[in-house]
Amino acid sequence: MNRRDAIGRVALLMGGAVIGAEFFLSGCRPNGASNVDDLFKQENADFLNEVAETILPTTASSPGAKAARVGQFMAVMVRDCYTPADQKTFIEGISNLNDASQKKYNAKFMDISLAQRTELLIAADSEQKEFYKQLYKKIAPEEAKHKGDINYVAPDQPNHYFKMMKEITLLGFFTSEIGATKALRYVETPGHFDGCVPYKKGDKAWADA
């Protein structure tokens with residue numbers, strides 16, 4: 001699967017543009033990127049792998065996000081494709097999840113059960129949805145005022161850390177070898193074109209070569 005197809009699929013699943021997509025596609029880095037080397041420390045890589053695994057867990061038919069080392073992919077994505085503001089938000093998100101875990105379960109995220117992690121991330125997901133709902137409500141009048149104005153450039157808006165974590169989990173997993181060959185159906189190309197392939201409900205989607 002190429003980068004553009006991967007971005008398109010994640011955007012479809014998430015229902016909006018993918019944060020950092022322009023830099024992921026171009027291979028360029030944003031100006032003024034911060035030092036995010038701490039994300040590459042083993043403890044943070046392990047943390048991000050567990051977050052990703054909670055989002056995309058191992059099943060009977062497919063390995064999960066941890067097997068694809070999505071935590072390490074997250075660190076690279078944040079370093080290479082996020083603006084300084086988004087990098088700061090993402091890093092603070094790790095603390096936010098730990099703080100929420102400590103408050104609710106009196107233990108850090110890495111020390112709680114899978115069921116508790118799932119409950120915590122469901123709450124974080126609800127929080128990020130409400131965050132964007134209120135954000136769009138706030139900026140809608142200004143955007144409506146400039147509708148049709150090709151010279152209007154909307155100001156940058158803040159992002160929510162959990163939207164980032166979900167997006168990079170999906171992007172990292174489905175562009176990995178494990179995601180493409182185990183979770184999706186993969187046939188190496190070149191090969192013949194078949195314009196009508198039988199499909200039954202529950203079949204895996206196809207990965208592009």
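Nothing fancy with the numbering, it's 1 onward along the sequence.
Leu97 has its side chain within reach of Phe47: a pair of non-hydrogen atoms, C-beta onward, lies under 4.5 Å apart. Side-chain contact between Met77 and Met164 is absent, with no heavy atoms from C-beta onward closer than 4.5 Å. Inter-residue side-chain proximity for Ile168 and Tyr82 is flagged as met; some heavy-atom pair is nearer than 4.5 Å.
A distance of 8.0 Å separates NZ of Lys108 from CG of Asp111, quoted to the nearest 0.5 Å. We find the CG-CG distance between Asn96 and Leu120 to be 10.5 Å, quoted to the nearest 0.5 Å. One distance of note links CG of Asp80 with CD of Gln87; it measures 9.0 Å at 0.5 Å rounding. Taken to the nearest 0.5 Å, the CZ atom of Phe162 stands 9.5 Å off from the OG atom of Ser126. Rounding to the nearest 0.5 angstrom, the gap separating the CZ atom in Phe90 from the CG atom in Leu48 is 5.0 Å. If you take OG1 on Thr54 and CD1 on Ile122, they are separated by 10.5 Å, rounding to the nearest 0.5 Å.
With hydrogens and angles disregarded, no donor-acceptor distance shorter than 3.5 Å links the side chain of Arg79 to the backbone of Asp37. Asn159 contributes no side-chain N or O that, together with a main-chain N or O of Asp86, makes up a donor-acceptor pair within less than 3.5 Å.
Residues that satisfy the ring-ring contact (aromatic ring centres under 6.0 Å, His included) test with Tyr105, not counting sequence neighbours, are absent from this structure. For the side-chain hydrogen bond (donor to acceptor under 3.5 Å, both in side chains) test, residues two or more places apart in sequence or in another chain that qualify with Asn49 are Gln72. With sequence neighbours excluded, no residue satisfies ring-ring contact (aromatic ring centres under 6.0 Å, His included) with Tyr161. By the salt bridge (Lys or Arg N to Asp or Glu O under 4.0 Å) test, Glu92 is found to be paired with Lys88, residues two or more places apart in sequence or in another chain being considered. Applying the side-chain hydrogen bond (donor to acceptor under 3.5 Å, both in side chains) rule to Ser113 yields the partners Gln116; only residues at least two apart in sequence or on another chain are considered. Remark: Thr58 pairs with Glu53 by the side-chain contact (heavy atoms from CB on, under 4.5 Å) rule, at least two apart or across chains. Under the side-chain hydrogen bond (donor to acceptor under 3.5 Å, both in side chains) criterion, Gln157 pairs with no residue at all, not counting sequence neighbours. For Asp46, the side-chain contact (heavy atoms from CB on, under 4.5 Å) partners at least two apart in sequence or on another chain are Gln42, Met110. In this structure, the side-chain contact (heavy atoms from CB on, under 4.5 Å) partners of Asn106, at least two apart in sequence or on a different chain, are Gln102. Under the side-chain contact (heavy atoms from CB on, under 4.5 Å) criterion, Lys129 pairs with Asp125, not counting sequence neighbours.
For residues 136-146, the pairs satisfying salt bridge (charged side-chain N to carboxylate O under 4.0 Å, His left out) are Glu142-Lys145, with sequence neighbours left out. Contacts classified as salt bridge (charged side-chain N to carboxylate O under 4.0 Å, His left out) and involving residues 58-69 (residues at least two apart or in different chains) are given here: Glu50-Lys66.
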Item to check | Verdict with supporting geometry, Phe109 and Leu121, side chain to side chain contact (heavy atoms under 4.5 Å, CB included) | outcome: CA-CA 10 Å; Phe109 183 85; Leu121 295 194; 4.1 Å; yes

Item to check | side chain to side chain contact (heavy atoms under 4.5 Å, CB included) between Lys166 and Lys163, worked out | outcome: CA-CA 5 Å; Lys166 278 183 67 177; Lys163 181 175 190 287; 5.9 Å; no

Item to check | Leu171 vs Phe73, side chain to side chain contact (heavy atoms under 4.5 Å, CB included): CA-CA, chis, key distance, verdict | outcome: CA-CA 9 Å; Leu171 186 60; Phe73 176 83; 4.1 Å; yes

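Of all heavy-atom pairs between Leu39 and Asn44, the closest is O-CB, 3.8 Å. Here the shortest heavy-atom pairing between Phe173 and Ala65 reads CD1-CA, 3.8 Å. Of all the heavy atoms in Ile94 and Met165, the pair that sits closest is N-CE, 4.0 Å.
Note: the hydrophobic cluster containing Leu114 does not contain Val51 (ILVMFWY, side chain heavy atoms under 4.5 Å, direct or indirect links).
A salt bridge links Asp38 to Lys41: one of the charged nitrogens lies within less than 4.0 Å of a carboxylate oxygen.
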